[in-house]
S.K.: 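I have a structure here, written as C-alpha cells, and I will follow up with some questions on it.
Below, chain A is the first sequence line, B the second, and so on; all start at residue 1.
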Amino acid sequence: MATIEMKNIVKKYGDGFPAVNDVSIDVADGEFMILVGPSGCGKSTLLRMIVGLEDITSGDMLIDGERVNDLAPRDRNLSMVFQNYALYPHLTVYENIAFPLRLAKRSNKEIDEKVREASRTLDLDEHLERKPGQLSGGQRQRVAMGRAIVRDAKAFLFDEPLSNLDAKLRGQMRTEISRLQKRLGITTVYVTHDQTEAMTLGDRVAVMKRGELQQLASPRELYEQPANLFVAGFIGSPPMNFLPATVEGGEITLPFGTFPLPADKADRTAGKGLLMAGIRPEYFEDAAVQADVDESRTFTAHIDVREWLGDQQYAYVPYDAEPRVQDQLRQLAREADSDSLRTQLVVSLDSASQISEDDEARLVIDTDKIHLFDPASGENLTVGL
Amino acid sequence: MKAWLNRAGMVAGFALILGWCLLPVAWIVSMSFKSQEAVTNGSPGFFPSEGGGAGWQNYIDVLQDDQFARAILNSIGISLIATILSVTFATFTAYAVARLEFKGKKFVLTTALVIAMFPVVSLVGPLFDMWRTLGIYDTWLGLIIPYMSFTLPLAIWTLSAFFREIPWEMEQAAQVDGATAWQAFRRVIVPLAAPGVFTAAILTFFFAWNDFVFGISLTSTESARPIPAALSFFVGADPFNRPASLLAAGAVVATVPIVVLVLVFQRKIVAGLTAGAVKG
C-alpha cells in the first residue's frame, strides 16, 4: 500500500529531446491510475521511471513520501508486469512465481504458501510444473501477474500487459485485472494505448501527448469534459467529429446548417471567429426514430456508408471543408495515431433507424452537448458547461 | 496408402543418408577388429573372415603404445585449454557486441570474419619461423595460440547471434523482482546463455581436436603432437608396411571422445530454450 507522487518529472535523452516533460501526477493509495496516449507519448518511459529502470533527469519521484529518485529498482519494492511478460524460460511456472521470494530469502514453507495462494487466485494450479514455453499467451500473462502479486509490493505497475493477447482474451483479462486490483486494493499504475482499457479500468486517467500531460481526470470527465482538442479526439470510439464552426447571435453555423446554441455556450464563444466544434457521433440521431423532434435542430445529409452493428449503427456523411480546416483535422488525426482520409462525419444512429446507404436522411443534432475549441490553442472553450 | 508410401520413402531416404555418412566410420570400425595379416592378405568382408579377427588386440596395442597415449593427452589438453580460452574471450566480446553500442563494433565483427576466411595453410610457414624464434615451437602453447585465434571468430559470431536472441527485458524484470545486477546475471542471463556457450565450446573443440595442418607442422616430437598428427607417424615395426588395422583402431579411439562429448552436451544444446520467455 503506497502513494506515488510525481513532481515535475522530466526525462531528457542524450539529444536533449524531452521524452517526458514536466509531468506531475499524484497516485493515491489504492488508486488505479491509467497512463494513456499514442505511441511515443512518454507513458512507458514514465512508468519505467517509477520502477527505476530509467533515470530521472529532473523532478521528484516520491513513493510513500520518500524520495526514490536514486534508489535501485530492487529497493523500491514495486512489482511490474512487462508488455512481453519477461518470464524466465528456464524456470517452471512455480519457480517463476517464487523468484522474487527466493531473492528475498524467504523460507521454503512461506514461499510454498504464497505461490500456491497466487496460483489459486490466478487459476494456474495445473500449470505449476510446466515451463513458460508450454503455455498459451493468456496463461503466460497470468504467470507474469502471479510473479507480481506474490510478494507484498507497494504498488503494481503494468506496461501494456494486454497488447499481445487476442481481442477476446484481452476482454477477459481486463475484467480479471480489474477484479484482482479491487480485491487486493493495491495502488496500480497501468500504461496502455488502448482507450477501452483506459476507460474501463481506471479510477483516474492521465492522457499524455509528446511527453506532456494533457488531462488528468476520471474516465467520465475525460469523455464529457475533454480539456482540449487532443483529449477530445483521442478518447471515444469512433472518435469525436470535428467541424469548423462560427457562433453568432446564439446560433452556431456548421458546414451543414445553422442551429440554435444554448446561451451559456454561445456567450463564451460568440465573436471569436472560426472555431472547432467537437460533436460525438451519439449527439446525432435519425429524426425518424425520435419523438418530438425540434425542427430547428434538424438537417438533411447524404449518407455515404452505413455500418449496422446490431445494437447500433454508424453512418458516414462526407462533407467539404476549406483547406485550412482540413490541414488541422489531419494534424489532429496524426497526433492521435489515427488516419483520417477524408473529411466526414461519423453519426451513431439507433438500431431501429431505417436509413439506407446512398440516400438523403434527416438527422437531429443535440447542440446542448457540443464542445467548442479554440483552433489555435486547442483549448476547450466550453469546459464545465 | 499414400501415408504409408510417404513413410516408406522417408525411411528409405534416412537409410540412404545414414549409410552414406556412416559407411566410412563403419568400415574403419570393421577394419580395427581385423588382424594385420588378414588386412595384408586382403580381407574383403565387412566382418573379419574366419581366423582373420583380432578381437580387441588392436585396441590393446594402440592404448599400450606410449606415443599414442601421449598424443591423446596432448590432444585433450591442448583442445580443452584452447576451447576454454577461446570461449571465454568470445563470450566477453559477444556480450559487448550484442548489448552495447560502441564505435568499431562493425570493425570487430568484420575483422573476425576476415580471420575466419584466411586460409590456414598460408600461415603455417610464418608461424613455424616465428615459433622457433620465440621458443614455443613444439610446445602446447605453440598450438593453443593458433587454435584460439582461428576458433575465436566462429565463437564470437555464434555467441553474438545467440546473445542477440536473449530477451534482455528479463534482466530488468529480475531487477524489479529484487535482484542485484549480479544476481540478475547469475540467475537469469547465465542459464539462458549456457546453451549458446556450450554450442560455441563444442564447435571450438571440434576444430582443435580435428586439426592436422598445425598439428603436424608446428610439432616435432611427442611432447606436443596431437592425435591426428600422431596417427600419421604411426608406422609400427615395418616402415614399408603400415599397420592399417592398428591405425584404424587409433582412429576409432580418437573419434570416441568427440562422440562422447556430443552425447553428453547434446541436451545442453537445446535450441529454442528461450521459447516462451516473451510473446512472439
S.K.: Which heavy atom of B/A173 sits nearest to which heavy atom of A/R147, and what is that distance?
M.R.: CB-NH2, 3.8 Å

S.K.: Testing the basics here: between B/V176 and A/R151, what is the closest heavy-atom pair and its distance to 0.1 Å?
M.R.: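 Taking every non-hydrogen atom into account, O-NH2, 3.0 Å.
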
S.K.: What distance do B/M170 atom CE and A/F82 atom CZ have between them, rounded to the nearest 0.5 Å?
M.R.: 10.5 Å

S.K.: Look at atom CG of A/D26 and say whether more than 12 heavy atoms of other residues, nucleotides or ligands are closer to it than 6.0 Å.
M.R.: yes

S.K.: Could you tell me which portion of A/L53 (side chain, backbone, both or neither) has an atom closer than 4.5 angstrom to a non-hydrogen atom of chain B?
M.R.: side chain

S.K.: Under 4.5 Å heavy-atom distance to chain B, tell me which part of A/R76 shows up: side chain, backbone, both or neither.
M.R.: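 A/R76 has no heavy atom closer than 4.5 Å to chain B.
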
S.K.: Identify which part of B/Q175 has an atom lying under 4.5 Å from any heavy atom of chain A, answering side chain, backbone, both or neither.
M.R.: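 Backbone plus side chain of B/Q175, per the 4.5 Å heavy-atom cut-off to chain A.
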
S.K.: CZ of B/F212: more than 12 outside heavy atoms within 6.0 angstrom?
M.R.: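 Above 12, so yes.
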
S.K.: Return the set of residues passing side-chain hydrogen bond (donor to acceptor under 3.5 Å, both in side chains) with B/W157 (not counting sequence neighbours), or none when no residue passes.
M.R.: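 Here no residue qualifies.
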
S.K.: So with a 6.0 Å cut-off around CD of A/E113, is the heavy-atom count from everything else above 12?
M.R.: yes

S.K.: Between A/Y88 and B/R187 (side chain of the first, backbone of the second, donor and acceptor by atom type, cut-off under 3.5 Å), is there such a pair?
M.R.: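 Pair absent, no side-chain N/O of A/Y88 close to backbone of B/R187.
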
S.K.: Is it true that, when you exclude B/F102 itself, more than 12 heavy atoms of the residues, nucleotides or ligands shown sit nearer than 6.0 Å to its CZ?
M.R.: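 Yes, enclosed.
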
S.K.: To the nearest 0.5 Å, tell me how far B/D177 CG sits from A/I97 CD1.
M.R.: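 That separation rounds to 11.5 Å.
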
S.K.: Just to verify, which of A/E54, A/M80, A/R48 counts as forming a side chain to side chain contact (heavy atoms under 4.5 Å, CB included) with B/Q172?
M.R.: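 That would be A/R48; it is the only one of A/E54, A/M80, A/R48 passing the side chain to side chain contact (heavy atoms under 4.5 Å, CB included) with B/Q172.
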
S.K.: Give the minimum heavy-atom separation between B/P191 and A/H90, together with the two atoms involved.
M.R.: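 In this case the closest contact between B/P191 and A/H90 is CB-CD2, 3.4 Å.
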
S.K.: Can you establish whether the number of heavy atoms outside B/R99 located under 6.0 Å from its atom CZ is more than 12?
M.R.: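 Count over threshold, so yes.
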
S.K.: So for atom CZ, which belongs to B/F89, do other residues, nucleotides or ligands contribute more than 12 heavy atoms lying within a distance under 6.0 Å?
M.R.: no

S.K.: Locate the shortest heavy-atom distance separating A/L103 from B/G178; write the atom from each residue and the value.
M.R.: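 Result for this residue pair: CD1-C, 3.8 Å.
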
